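Reminder, nothing fancy here: chain letters follow the sequence lines and each chain counts from 1. Given the structure is predicted, the values throughout are model-derived calculations rather than measurements.
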Amino acid sequence: MTTAQLYPLGTALKRFAGHTPRRSDAAGVESLTSFICRLALDHYCAPHRLYGALIANDWTKRKVDFKKIRSAESQLINSLGEAARSSVEALQRESDITDASEMTFLSIAGLCDQKAKHFLHKGRHWCAQCYMESRNAGEPTWDPLYWAPTTTTICLIHRTLLQQFCPHCKLIQRHLPKFPFLDFCEYCGCDLASGSSTSGDADQLDQRMWLANGALDLIKNRQDTILSRENFSLRLNEATLICSNGVFEEFARMTGINTCSLRNWQLKHAAPTWSNFIDIAYRLNTPPTQLAGPSTLIFDPAVFNYRSSLRLDKQHRHLPKERIEELRRATVELLKAPIDVWVFRNGKLSSIQKQFDISYWTFKRHLGDLAGQISAKRLEASEYRKKLTVAGRRKRLRAARDKLAGMELEPSVRNMKKSGLVKVSDVISVRRGKGSSGAETS
DNA sequence: CCTGCGAATCAATGTAGAAC
DNA sequence: GTTCTACATTGATTCGCAGG
């Protein structure tokens, strides 16, 4: 395999003037890595080389104290952390661009977690048709910023799934590739603009479009609203108040959001991951810019998206999916069981919890949607039990009365007790509050 | 360019205890 | 006895660096 390396023409870093970020109404602004690629083309050098020189303000790598990232982690330049901040500062220092942060997600640094877990695609995602259209128009290809988050899987213009592998060598493309051309594979040189585009599942199309739109909306409106986790927490509290009278559990059940995550965000001021944040925005059918914005929102449970069909965040946790399915099957089975099982074997639900070795709350957190049915079944069982008690008491009284009649004795309380066929509570009125009835006499 | 490791931190679990 | 909240703790994932 041949390797090639590009070196800049001069030794001095050119000052970058006359460049402005690409943008369009339909796709928003360009990402910072895409912009650096074009600057690299202007300097005839590799994008990552230019990035290093830009950060250090030096082509020769003499300055050792600059923070440089690995080229395989170049998505960080578009993110919301330290790498993005230093890149923006360097670019503003070395060029006539005054607001480079619009090409990154720094505007939501106060909202999402600083580690930016599950935030940006590690490998570059692109739409072949968009690339082809730019090329046909005689413009350099560019990556809109809204393609970067992991929640964006679709091109808003062509409604086709974004691509992430070279169609020829199947390799992942980096955000800062080896060569300053975004539309050619950095390993085999294959034309990425000519790849065939596919549209995903029809039932997921709306959700994919919603999520991509959410990201674009956020990028476009970054100047107008400052998003913060405090606001996010406040908005969640408001939604809880409006939809379920402030009961977290019920709100969580309604929307399918995990109760404990909800509480972590509201009480501990934990920052949500981006994918969780936009998932909640989707479920509440609220633009993300407003869900973490400063003004009060009116939430309408009638338009909620209760079911999210895309798995956004990787499971952090503990109970494997199959185990939860098993748990659910066992519970549904029990719910279908005849009422006798519930009346005479009360320990059944807790025995399921014991069998799966989980607490009451883990059980509820996973099977919250069945909680209503379980409560109803419990109520039904207790009613049934009450009826059984009444019927039993009647039966005992009748037997005692028959016995006394056979012995030609008065069915008085004293004789009834003597017969040994009734319980004391059957004939002595239990002292309760007002309205209580005494012994059964009819 | 790859791998391993520790720090950091969000997500999820279990437990105590209060309200009803 | 059931349901709910608060909180400590455990688990998972990512970052960022060092070294090969």
Side-chain angles (χ1 to χ4, degrees), chain A residues 1 3 5 46 48 55 64-86 109 111-123 150 171-172 174 176-178 186-187 229 232-233 237 240 244-253 257-277 279-280 311-321 323-324 327 342 346-350 353-354 356-368 370-382 385-386:
Chain A
M1 185 176 146
T3 53
Q5 214 167 353
H48 201 254
I55 293 294
V64 288
D65 59 335
F66 69 89
K67 257 175 108 80
K68 193 161 172 283
I69 55 159
R70 294 185 282 196
S71 54
E73 289 167 348
S74 47
Q75 82 277 5
L76 296 178
I77 295 168
N78 300 329
S79 186
L80 47 79
E82 203 44 50
R85 201 175 303 279
S86 53
L111 169 66
C112 289
D113 69 312
Q114 282 296 298
K115 291 280 167 194
K117 288 184 201 172
H118 314 289
F119 185 24
L120 300 184
H121 290 300
K122 274 195 132 40
T150 46
L171 287 177
I172 289 175
R174 291 172 297 186
L176 285 185
K178 207 184 293 180
E186 57 172 314
Y187 303 105
R229 71 189 57 172
F232 174 61
S233 171
N237 273 324
T240 315
S244 62
N245 252 336
V247 180
F248 301 113
E249 174 72 9
E250 200 183 321
F251 181 65
R253 202 180 305 146
I257 303 167
N258 205 307
T259 326
C260 43
S261 309
L262 207 60
R263 293 218 59 81
N264 281 345
W265 295 325
Q266 284 174 322
L267 298 170
K268 294 210 270 187
H269 304 292
T273 54
W274 163 261
S275 42
N276 274 331
F277 169 67
D279 179 49
I280 290 169
R311 170 109 233 137
L312 294 175
D313 220 342
K314 283 170 200 149
Q315 265 301 358
H316 265 243
R317 211 326 172 220
H318 310 107
L319 275 182
K321 221 171 163 187
R323 194 84 175 143
I324 295 170
L327 179 66
W342 288 74
N346 325 359
K348 207 66 198 261
L349 210 55
S350 58
Q353 286 162 21
K354 201 173 277 179
F356 285 85
D357 193 27
I358 52 169
S359 73
Y360 169 76
W361 269 100
T362 313
F363 181 83
K364 278 210 77 170
R365 280 160 186 160
H366 283 292
L367 303 183
L370 295 177
Q373 288 183 51
I374 291 171
S375 295
K377 204 80 180 177
R378 271 199 180 122
L379 206 66
E380 197 187 330
S382 78
R385 210 174 290 128
K386 264 187 217 160

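Between A:S375 and C:dT2, a side-chain N or O to OP1/OP2 separation shorter than 4.0 Å is absent. For the pair A:W265 and B:dA11, the criterion of a side-chain N or O lying under 4.0 Å from OP1 or OP2 is met. OP1 or OP2 of B:dA11 sits under 4.0 Å from a side-chain N or O of A:N276. Taking 4.0 angstrom as the limit, A:K122 places a side-chain polar atom (N or O) nearer than this to OP1 or OP2 of C:dC15. Look at A:K364 and you won't find any side-chain N or O under 4.0 angstrom from OP1 or OP2 of C:dT3.
Rounded to whole Å, the distance from CD on A:Q373 to P on C:dT3 is 14 Å. Atom P of nucleotide B:dC10 and atom CG of A:L262 are separated by 16 Å, given to the nearest angstrom. A:I280 has its CD1 atom 14 Å from the P atom of B:dC10, to the nearest Å. Residue A:L80 contributes atom CG, which lies 14 Å from atom P of C:dT14 at whole-angstrom precision. When the C1' atom of B:dC1 is taken as reference, atom CD1 of A:I172 falls 14 Å away, rounded to whole Å. Between A:K178 atom NZ and B:dC1 atom P there is a gap of 6 Å when expressed in whole angstrom units. The nearest whole Å value for the distance from the CZ atom in A:F363 to the P atom in C:dC4 is 14 Å. In this structure, A:I358 atom CD1 and C:dT10 atom C1' are separated by 17 Å, rounded to whole Å.
Considering all non-hydrogen atoms of both residues, A:I172 and A:Y187 come closest at O-CE1, 3.3 Å. Here the closest heavy-atom approach between residue A:W274 and residue A:C112 is recorded as CA-SG, 3.7 Å. Heavy atoms only, all atoms of each residue included: A:Y360 and A:Q353 are closest at CA-OE1, 3.8 Å.
Of all nucleotides listed (C:dT3, C:dT5, C:dC15), C:dT3 comes nearest to the side chain of A:Y360. Listed nucleotides: C:dT5, C:dT2, B:dC10. Nearest to the side chain of A:R378: C:dT2. Side-chain atoms of A:R174 lie closest to B:dC1 of the nucleotides B:dC1, B:dC10, C:dC15.
A:F119 comes within 4.0 angstrom of no nucleic acid atom, judged by non-hydrogen atoms across all strands.
Screening A:I77, A:N78, A:L80 against A:L120 for a side-chain contact (heavy atoms from CB on, under 4.5 Å) leaves a single residue, A:N78.
When side chains are defined from C-beta on, A:I374 does not count as touching A:L367, because their heavy atoms never get closer than 4.5 Å.
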